[in-house]
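Both ligands and their constituent atoms are indexed starting at 1 by order of listing.
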Amino acid sequence: MIKKVSHIGIAVKNIEASLEFYTKLGLEVEMIEVVESQKVRVAFLPVGTEVRIELLEPTSEESPVAKFIEKKGEGVHHIALAVDDLQARLDTLAEDGIRLIDTKPRPGAHGADIAFLHPKSTGGILLELCKENH
Ligand code: CMX
């Protein structure tokens, strides 16, 4: 089952510049890490106890997040939903004809296993399924 919203990914050009607003809003940074395989630097800001905002800063021009910002500007990039049975869920979605970006989970930020569904199959939203391991 889908358990909850894990995080909302927001594409930003520069995490520190964006944090000026988010700290004024009253949110605090839990951690910042580089996910080299995704060419992004990410900051997690808890919203209550269950959900986080994930600021995504590209670390190279080839980063998918850099391409997103170039095309659409800064803003909401993806929504991540937490599941326990990630591989089984991907297999079921594939059988149901949903286009997957990742047919197998891969390591994401915060020690999670993640997989993306293609926006073409979701009505234009980039959806991430993740198995939180913290
Ligand atoms: N939201 C909505 N639509 C999006 C999108 C997004 N974030 N990113 C791309 N698209 C759309 C594109 O506009 C394009 O649409 P059109 O064909 O109508 O122009 C289509 O999806 C394909 O996009 P693309 O970039 O040309 O295609 P790719 O298959 O190369 O890549 C994608 C698509 C979504 C997988 C990739 O751009 C991406 O964003 N991957 C995820 C990267 C990421 O967020 N990593 C951080 C993970 C950190 C963590 O949470 O752990």
query: What's the shortest heavy-atom distance between I8 and V5, and which atoms?
result: CG1-CG1, 4.3 Å
message: Less than 4.0 angstrom from a charged side-chain N to a carboxylate O is my criterion; do E50 and K3 meet it?
response: no
query: Can you pull the side chain to side chain donor-acceptor pair (under 3.5 Å) pairs that have at least one residue in residues 63-73, sequence neighbours excluded?
result: none
- request: Tell me, please, which residues at least two apart from F44 pass side-chain contact (heavy atoms from CB on, under 4.5 Å).
  value: H7, E30, M31, V42, R52, E54, A109, H110
N or O contacts of ligand 1 with protein under 3.5 Å, please list pair by pair.
{"residue": "ligand 1", "atom": "3 (N)", "partner": "K72", "partner atom": "NZ", "Å": "3.3"}
{"residue": "ligand 1", "atom": "7 (N)", "partner": "H77", "partner atom": "O", "Å": "2.9"}
{"residue": "ligand 1", "atom": "13 (O)", "partner": "K71", "partner atom": "NZ", "Å": "2.9"}
{"residue": "ligand 1", "atom": "17 (O)", "partner": "K120", "partner atom": "NZ", "Å": "3.1"}
{"residue": "ligand 1", "atom": "18 (O)", "partner": "K120", "partner atom": "NZ", "Å": "2.9"}
{"residue": "ligand 1", "atom": "19 (O)", "partner": "K71", "partner atom": "NZ", "Å": "2.8"}
{"residue": "ligand 1", "atom": "39 (O)", "partner": "H77", "partner atom": "NE2", "Å": "3.3"}
{"residue": "ligand 1", "atom": "45 (N)", "partner": "Q38", "partner atom": "OE1", "Å": "2.7"}
{"residue": "ligand 1", "atom": "50 (O)", "partner": "E54", "partner atom": "OE1", "Å": "3.3"}
{"residue": "ligand 1", "atom": "50 (O)", "partner": "E54", "partner atom": "OE2", "Å": "2.9"}
{"residue": "ligand 1", "atom": "50 (O)", "partner": "E128", "partner atom": "OE1", "Å": "3.0"}
{"residue": "ligand 1", "atom": "51 (O)", "partner": "A109", "partner atom": "N", "Å": "2.7"}

- prompt: Within the distance-only criterion (no hydrogens, no angle test), does the side chain of D113 pair as donor or acceptor with the backbone N or O of K131 below 3.5 angstrom?
  reply: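 Pair absent, no side-chain N/O of D113 close to backbone of K131.
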field: side chain to side chain donor-acceptor pair (under 3.5 Å) involving Q87 - partner list, sequence neighbours excluded
entry: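 Residues passing side chain to side chain donor-acceptor pair (under 3.5 Å) with Q87: D91.
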